[in-house]
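Side-chain atoms are counted along with the backbone in the values below, which use heavy atoms only and exclude waters and symmetry mates. Below, chain A is the first sequence line, B the second, and so on; all start at residue 1.
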Amino acid sequence: MKDRTRRNRIMSARRVMVYSALAFLVLSLISTGVYYFTGYLKDPLRGFFDSVSAFSATGLSLFPKPLELPVWLRIFRAGCQWIGGGMSLAILALLMSSPDGDSMAGETSETFYRFGKSFSTAFRRLILVYLSLTVVLLALLAATGCGFSDSVCVAFATISTGGMSPGPVLPNGFAETVVMAFMLLTSISYPIYYYAFRKRTRKLEKNTEVTVFLGIVVVLCVLVSASLAISGTYGVRESVELGCFHTVSNISTTGLALDDISKWPPFAQSLLTIASFIGGSSFSLTSGIKVARLIVIVRILSRSFTVRLHPRAMIATKLNGKQVPRKTAAQMSTFLLTFFAFFAIGTFLISFDAPDMLSSINLCAASLTNTGNGFSFPFVMGALSDFTLVVMSLLMLIGRLELFALIIGAPERSS
Amino acid sequence: MILNKRPITKILMAVMALVGAAMLIPAVVALIYKETHVFLSFIVCSVPMIVIGLIVIKVLPPGDNNTLKMRDGFFIVAMAWTGMSALGALPFVVSGSIPNFIDAFFETASGFSTTGSTIVSNIEALPYGILFWRSFTHWLGGMGVLVLTIALLPMLGIGGAKIMRAETTGPTMDKISGTVNDSARKLYTIYFGVTIVEIIFLMCGGLNFFEASTHTFGTVGTGGLSTHSQSIAAFGSAYVEMVIAVFMLLAGVNFNLYHYLFTGKPKIMLKDPEFRTYLGIIFGSTAFISVMLLIKHFYGSIAEAFRYAFFQVVSIITTTGYGTADYDTWPIPCRIIIFLLMVVGGCASSTGGGVKVIRIILTAKLIKRGAQSRLHSSAVRPIKLGGRNVDEDTLSNVKSFMIIFLMTMLIGTVIVSLDGYDIVTSLSAVVATLSNIGPGFNLIGPSCNFVLFSYPIKILLSMFMIAGRLEIYTIFIMFTRVFWKDNNR
C-alpha cells in the first residue's frame with residue numbers, strides 16, 4: 001500500500017524531460033527579456049542564445065568583451081548559470097528518487113540508488129553540497145584578492161560548470177589553482193560529499209567511478225602538459241599550469257580558459273576535445289558522456305572480445321562493485337551512439353555557417369557537451385546566422401538535460 | 001601451446017606462395033614494356049617465395065586441419081594480411097621505386113586492404129610493372145575480402161555477412177549453396193565477370209589495355225590507386241567517369257545479391273533493405289551536393305554538378321577513393337556529408353569498407369528503440385529488418401562494433417595528431433585508412449598524399465587499413481590478454 005503511493009508520486013521520464021526543458025525555456029525567455037529591455041542585446045534571438053548558454057552552463061557568449069559590461073549585468077549572467085546548475089541538481093534529485101529500471105534514472109542511478117528516499121531529501125542534500133562548495137570558493141577567491149563582483153562571477157561560473165568567463169580577472173596563480181580545484185570538485189559525484197560528511201566511508205570505498213575519473217584527469221593533465229612543454233609552446237612551469245587548468249576545465253565541461261588554445265599543438269587540442277566528450281562523474285554538474293557510462297561501455301567491449309574466443313563465457317558488467325543489469329548496460333552503450341549521432345547531425349547543421357570543418361566540429365562539441373570553449377570562436381561567434389544559433393541553443397539544451405530521447409520522439413507503438 | 005603451429009604455418013606458407021605467384025603477372029607486364037630491371041625485381045622476390053612456400057608445405061608432416069580453433073582462425077587471418085602486405089612490399093623496395101620499406105609497406109597495405117592511400121608523389125614516374133602491381137594488389141585484396149567476409153569471418157562470428165544470417169530474409173552463404181567452396185567459386189565467377197566487362201567498357205572509351213585493367217582492378221576491389229596523379233580526372237572523359245562510377249556502385253553491393261539477379265530472382269535483390277538504403281544514401285547525398293554546388297556556383301549546369309557530385313559520392317561511399325574533383329574545396333556542408341559517407345561505407349559482403357550500411361541501419365533502429373524504452377519504460381521490443389526479427393546477440397555485436405570504430409577514430413586521431421598536423425588532417429587520416437577510403441581532408445585531401453606522416457604513424461595507419469579491412473576485431477583481438485591466455489591451464 002505504501003509502495004503504491006510512492007509510485008504514484010514518481011514522475012515518468014518523459015514528464016521529467018518535458019518539464020525540465022520547459023523550465024529552462026521559460027527562464028531563458030525571462031533572461032532574454034532582461035537583455036532586450038535593458039538594450040544590451042536588442043536582437044531577441046541573440047539574447048535567447050546567450051540565456052540558454054548561461055542556464056545550460058555552456059558558457060558560449062555573443063558579448064565580445066564581457067568586462068565592459070556593467071557589474072549588475074555580469075553578476076546577472078553569473079547568477080543565471082548558478083540557477084541553471086541548481087535546476088540541474090533538481091532534475092538529478094527527481095531521477096534519483098524514482099525507482100530503478102523505470103525511467104532514464106535506471107541508467108545512472110545504480111550508483112546512488114536511494115540516495116534520497118524522496119525528491120525533497122535528495123534535492124536538499126544535493127543543494128547543500130552545491131551551496132557549501134560555492135560559499136567556500138567565494139571565501140577563498142575573496143582571500144586571494146579578487147574583488148567581490150569578480151569573485152561572485154567566477155565562483156558561480158565555476159561551481160555550475162558554466163564557464164561564462166567574466167574576463168581575465170584571476171589576480172594570481174593561487175586563484176587559478178583554487179578555481180581549478182573547484183572545477184574538479186564540482187565534477188565529482190555530489191552524493192560522495194554527503195557521504196563523506198556523514199562519515200559513511202563504506203559507500204566511498206566502493207565508488208570506482210570517482211577513482212577512474214581522477215585517473216583519467218591525471219593522465220590527460222600529464223599528456224597535455226607534456227605536449228605543451230615538448231612542443232615549446234610555453235616554458236615547463238607554465239605548461240604544467242596551463243595544461244592542467246585547461247584539461248580540468250574541459251573534462252568538467254566548464255570551459256574557462258586562461259589562454260588561446262588555438263595556438264596549441266593539435267595533440268593537446270584533440271585531447272581537450274576528447275576530455276569534454278568524457279565529462280565528469282555521474283550525479284555531478286558536468287555534461288558529456290560521463291565516466292560511469294564509459295566504465296560500463298569499456299567493460300562491454302572487453303566482454304565482446306572475450307565472447308569471440310569463448311562464446312559461452314558469462315561475464316557480468318560491474319560498476320562500483322555492483323552488477324549492472326543487462327538493460328541498463330544496453331542503455332548506456334546506446335547512449336554513446338545516440339550522443340555521436342546527434343554530434344554528427346549537429347556538426348552538419350552548423351557547417352552551413354562555419355568557415356571550415358574544424359570550426360563546425362568545435363562549435364558542435366562546445367554546445368553539445370556544454371563546455372562552451374573553442375579554439376577560434378571570437379572570430380566566428382558574431383557572424384553566426386539565426387539558424388545556427390537556434391541549432392546551437394537546441395544542442396546545449398539537449399546535452400545538458402540529456403533530452404536525446406525526447407528529440408527522437410519515438411511514439412509508443414501499440415502492440 | 002595455445003596456437004596450432006603446424007596447420008597455421010602451412011596455411012601462411014600457402015598464402016606466401018600465392019602472393020609470389022601473383023607477382024609473376026606484373027613481371028610479365030614489365031617484360032612487355034621492356035623494363036628488364038623491374039622484371040628482375042619481381043622474379044627475385046617471387047621465386048624464393050614460391051619455392052620456400054612449397055617446400056615448407058611439402059616438408060611439414062600433414063597436420064590435422066580440424067584442430068583449428070577460433071583463436072587460430074583470428075591469428076591466420078591477421079597474419080596473412082599483414083604478411084601479404086610485408087611481402088608484397090618487396091618488389092617496390094628491390095626495384096628502387098619506393099626505396100624505404102615502411103613506405104612500401106604502407107603502399108602495399110593500402111593496396112591489399114583496397115584503401116588507395118598513397119605516399120607516392122610523382123605517380124607517372126613509376127615503371128609500368130610497378131604501377132600494375134600496385135593496382136593488382138587491389139584486385140587480389142578485393143577477392144580476398146569476398147572470401148573472407150563470406151566464407152571465413154562468419155565462422156569466426158564476425159563480419160557483416162553474419163548479421164544477415166538466419167534471422168533476416170537477406171541472402172546468406174548457406175542459402176546460396178551448401179559449402180564454402182561452392183559459394184566462393186560462384187563469387188569468383190561474378191568477380192571475374194564484372195572485371196572483364198568493365199575492362200571492355202573502359203577500352204571502348206579509348207583507354208589502352210594497361211589503363212583499363214589497372215583502373216578496373218581499383219574499381220571492383222574498391223581500392224582507388226590510380227596510375228595518374230590526377231586520378232580519373234586525368235582522362236577528362238564523362239564516359240569513362242560514368243563507367244567507373246557505375247562499376248564502383250556495383251562493387252559496393254552485397255555480392256550475394258548478384259547470385260539472385262543472375263538466377264532470375266531480381267525481386268530479392270530489389271527488396272533487400274540494405275541495398276535500398278545504400279541506393280537511397282547515394283542518391284540523397286548526390287542530390288544534396290549537386291544542389292549545393294550549383295547554388296554556390298562551382299559548376300555552371302546541373303548536369304555538370306551531377307556528374308562530379310555523383311562520382312565523388314559513389315567513390316567515397318564504396319570506399320574506393322578515385323577522384324574527378326577536389327571535394328576538399330567544396331562548401332563545408334558537402335565536405336561534412338563526404339566525411340559521413342566515409343564512415344558509412346558499402347554493403348556487407350561487398351568489397352567496400354567502412355562500418356557497412358547494414359550496421360548503420362541497425363544502429364539507427366537501436367537508437368530509436370533506446371529512446372522508446374527511455375520514454376515509455378516499456379519492455380524491450382525486438383528490432384525488425386526486412387520483416388523479420390534481428391536477434392539480440394547480433395544487435396549487441398553491432399553496437400560493440402560501432403563503439404569500437406568510434407573509439408578507434410577518436411584515440412587514433414589523438415595519436416596521429418602527435419605528428420603536429422591539424423585535427424581535421426589527423427581525423428581524416430584515421431577515417432580514410434580505417435574505412436579503406438584513400439584520400440582524406442586538408443593536408444591529405446584528394447590532391448595530396450600521405451607522404452608527410454612520420455614512419456611510426458605510417459605503420460599505425462597501415463595497421464588501421466588492415467584492421468578496417470578485417471572488420472577491426474580480427475586485428476584488435478591480437479592485443480587482448482584473453483587471446484594469449486591459455487584457457488586449458
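Comment: A/Arg326 does not engage B/Glu392 in a salt bridge, judged by the lack of any side-chain N to carboxylate O separation of less than 4.0 angstrom.
Residue B/Lys365 comes nearest to B/Lys384 through the heavy atom pair NZ-O, 2.8 Å, listed as atom of the first residue, atom of the second, then distance. Of all heavy-atom pairs between A/Gln269 and A/Lys263, the closest is NE2-N, 4.3 Å.
In this structure, no portion of A/Leu403 lies under 4.5 Å from any heavy atom of chain B. Proximity to chain A involves both the backbone and the side chain of B/Ile367, based on heavy atoms less than 4.5 angstrom apart. In this structure, chain A has no heavy atom under 4.5 Å from any part of B/Leu395. Only the side chain of A/Ile361 comes within contact range of chain B, judged by heavy atoms closer than 4.5 Å. Residue A/Ala330 touches chain B through both its backbone and its side chain, counting heavy-atom pairs closer than 4.5 Å. With a threshold of 4.5 angstrom between heavy atoms, A/Ile297 approaches chain B through side-chain atoms but not through N, CA, C or O.
For the set A/Ile300, A/Thr347, A/Ile274, the entry with the most heavy-atom pairs within less than 4.5 Å of chain B is A/Ile274. Highest contact tally toward chain B, considering only A/Leu349, A/Thr306, A/Val307, A/Leu223, is held by A/Thr306 [criterion: heavy-atom pairs under 4.5 Å]. For chain B, the option among A/Ser333, A/Pro265, A/Ala344 with the highest count of heavy-atom pairs below 4.5 Å is A/Ser333. Ranked by heavy-atom pairs under 4.5 Å with chain A, the list B/Val424, B/Val414, B/Thr480 is led by B/Val414.
Residues B/Phe476 and A/Phe305 keep their aromatic ring centres 6.0 Å or farther apart. For B/Phe405 and A/Phe340, the ring centers sit 6.0 Å or farther from each other.
In this structure B/Phe401 satisfies the ring-ring contact (aromatic ring centres under 6.0 Å, His included) test with no other residue, sequence neighbours excluded. Residues passing the side chain to side chain donor-acceptor pair (under 3.5 Å) test with A/Ser302: none are found, sequence neighbours excluded.
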